[in-house]
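Side chains included, hydrogens not; waters and symmetry mates left out as well; all remaining heavy atoms used. Atoms within each ligand, like the ligands themselves, are counted from 1 in listed order.
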Amino acid sequence: MSTQTAPEPPTALEILQRVFGYESFRGDQAAIVETVRAGGNAVVLMPTGGGKSLCYQVPALLREGTAIVVSPLIALMQDQVDALLSVGVRAAFLNSTQDFEERERVENAYLTGQLDLLYVAPERLSSPQTKRFLANGNVSLFAIDEAHCVSQWGHDFRPDYLALGELADLWPDVPRIALTATATEATHREIRQRLHLEDAADFVSSFDRPNIQYRIVNKAEPRKQLLEFIRSEGDGQVGIVYALSRKTVEATAEFLRANGINALPYHAGLPAEVRAHTQARFLREDGMVIVATIAFGMGIDKPDVRFVAHIDLPKSIEGYYQETGRAGRDGEPSVAWLTYGLQDVVQQRRMIDESPGDAAHRRRLGQHLDAMLALCETVECRRVNLLAYFGERGTACGNCDVCLNPPQVWDGTVPAQKLLSTIVRLQRERNQSFGAGQLIDILRGKTTPRTQQWSHETLATWGIGNDLSEPQWRGVIRQLLARGLLITQGEYGTLALSQTSAAVLQGAQTVPLRTEMARIPRGSSSAKR
Ligand code: ADP
Ligand code: ZN
């Protein structure tokens, strides 16, 4: 017999150790948990793999009632709930994949206070019915995952997120925590404002992933380059290869398999069972390489991914950072490898020109791409460039390709002028515009059926650029495009002058360029940075 005393409520650390089986909190986790437990609001910016989930799961177990977790990743709810159930946490979800009975069971569990966490899709929360339903139970806290989806200018906008601002008015006394792995200054401000988290405590972790080595190479023969890269990493390394189209995904996976790499394709066009099977193998087997569209990877927690390779240019730094962030979650050295070329720039500019939405939207997409291109073309440390995008300052990392192998820089002013004046002449004298291929043939004085058809041999600039090779010219054009000294136009992505091109033509602006893999052209000065 013992005298009855009320048991002490468990501490956050006890929950962490007893329920989740972890030794100690990481980074800001303890402070975040304490803020929310005490009823305060929080905005959490933490890179992928940083440990955001525990920031609301632990307070969910410390506070009375049910934590409502808003997550747009319906496909992952089951996994998250299963993981919680397996450690004895009472969790469930509500989404469109459930039948009526299942939904009713979950709703009853909530209403009778038998759930610690309830995951819901954002579109549900915007319905008055759901809000009434939630009001009939006891909400301990709201966790808004992937909070950057509220940003209209971001890369992942979801209109349903805008309605989440109302939670502040409907449940003024319930703490809210917004979490994201992708946040620039602007997104951060938007999250605070649109979700009515003006008074929230901010927890901003560093986005630096020191164990990831960033490498960006010029695209020549992407598949072959990819294969060489994978082989250079050693046998049986786990990796993810990202490509833009399903077709490229399949062809690349097949190519790798034919060359002895244990690779499988993954994209949204494959049957659900095939995708589930591929994902399960990736998680379970050693040395798998998944070739995927960006549909793959959200919420997949495989700690020992040794490389993430991109064979197409990502559309934004946010996307690139999130995808590369899937490498090296275990903290061991890992590589983020990207190959990109002129065609990527032309293609993406065209996709932006053709994208639905208003001019402001297209301008925003253009800015995202510009930032990505600046990272590709930088002659300074990649990591410094990347972190600067997220508002962090850093010093040269000594580990990225630029730090290890500083690019040669040469004065590309004269070639740029030759190219720009060819474009101007074609436009003024003949009212014509062309893509890179034809312009390079003109500059190099290479007669083809197409140059004959258009009598381009009679242009004053015919052959004035034969001191550079074709790949070198492609490099010049790519870099001019990347810096906005050249733009693409129309359905065929023909090249045209931009507003800033005049300064180059008039000699008011010089154009330092990175050397392509080939040697520096004759007669141009070079400087090593
Ligand atoms: P995020 O949502 O930020 O990408 P997760 O919440 O999925 O990250 O956590 C990433 C990984 O880190 C998971 O495997 C998780 O179990 C692990 N983790 C998180 N916090 C801790 C901790 N304090 N100690 C040990 N492992 C942790
Ligand atoms: Zn560096």
### Message
Name the residue from Lys302, Arg306, Arg209 that meets the salt bridge (charged side-chain N to carboxylate O under 4.0 Å, His left out) definition with Asp330.
### Response
Arg306
### Task
Give the atoms of ligand 1, by number and element, whose distance to some non-hydrogen atom of Pro47 is under 4.0 Å.
3 (O)
### Nearest-neighbour protein heavy atom for atom 22 (C) of ligand 1, which is reported as residue plus atom name and distance
Ser24 O, 3.8 Å
### Message
If we set the cut-off at 4.0 Å for heavy atoms, which region of Gln29 has an atom near ligand 1: side chain, backbone, both, or neither?
### Response
side chain
### Arg158 bridged to Glu146 by N-O distance under 4.0 Å
no
## Note on the structure
What one should report as the nearest heavy-atom pair of Asp116 and Ala60 is O-CB, 4.0 Å
### Contact check: Gly51 vs ligand 1, nitrogen or oxygen atoms, below 3.5 angstrom
yes
### Task
Using a strict 4.0 Å threshold on nitrogen-to-oxygen distance, state whether Glu233 and Arg215 make a salt bridge.
yes
### Message
Please determine whether the number of non-hydrogen atoms from other residues, nucleotides or ligands lying under 6.0 Å from atom CD of Glu8 exceeds 12.
### Response
no
#### Entry: Contacting atoms of ligand 1, where contact means under 4.0 angstrom from a heavy atom of Leu54
19 (C), 20 (N), 21 (C)
### Query
Around Asp82, counting heavy atoms of other residues, nucleotides and ligands shown, do more than 12 lie under 6.0 Å from its CG?
yes
### Query
When Glu190 is tested against each of His188, Gln193, Arg192, Arg194 for side chain to side chain donor-acceptor pair (under 3.5 Å), which residue passes?
Arg194
### Query
Has the side chain of Thr378 got a donor or acceptor atom that lies under 3.5 Å from a matching backbone atom of Leu375?
no
### Query
At a 4.0 Å threshold, what atoms of ligand 1 neighbour a non-hydrogen atom of Ser53?
2 (O), 5 (P), 6 (O), 7 (O)
#### Entry: Greater than 12 external heavy atoms within 6.0 Å of Asp199's CG
yes
### Task
If you have a sec, work out which protein heavy atom is nearest atom 12 (O) of ligand 1 and how many Å separate them, to one decimal?
Arg26 NH1, 3.3 Å
### Task
Less than 2.8 Å from the Zn ion (ligand 2) is the window; count the protein N, O or S atoms in it.
4
### Query
How close does the nearest protein non-hydrogen atom get to atom 3 (O) of ligand 1, and which residue and atom is it?
Lys52 NZ, 2.7 Å
### Message
So if I apply the side chain to side chain contact (heavy atoms under 4.5 Å, CB included) rule between Thr180 and each of Thr187, Val44, Leu45, Val150, which one comes out positive?
### Response
Leu45
### Query
Of the protein's non-hydrogen atoms, which lies at the shortest distance from atom 11 (C) of ligand 1, and what is that distance?
Asp301 OD2, 3.9 Å
### Message
Considering non-hydrogen atoms of the protein only, which is the closest contact for atom 15 (C) of ligand 1, and what is the distance?
### Response
Tyr22 OH, 3.5 Å
### Message
Under the rule for side chain to side chain donor-acceptor pair (under 3.5 Å), what residues qualify as partners of Tyr340, not counting sequence neighbours?
### Response
Glu377, Arg478
### Task
Could you tell me which non-hydrogen atom of Pro122 sits nearest to which non-hydrogen atom of Ser71, and how far apart they are?
CD-O, 3.4 Å
#### Entry: Close approach of Ala181 to ligand 1, heavy atoms, under 4.0 angstrom
no
### Heavy-atom nearest neighbour in the protein, as seen from atom 10 (C) of ligand 1, with distance rounded to 0.1 Å
Gly49 O, 3.6 Å
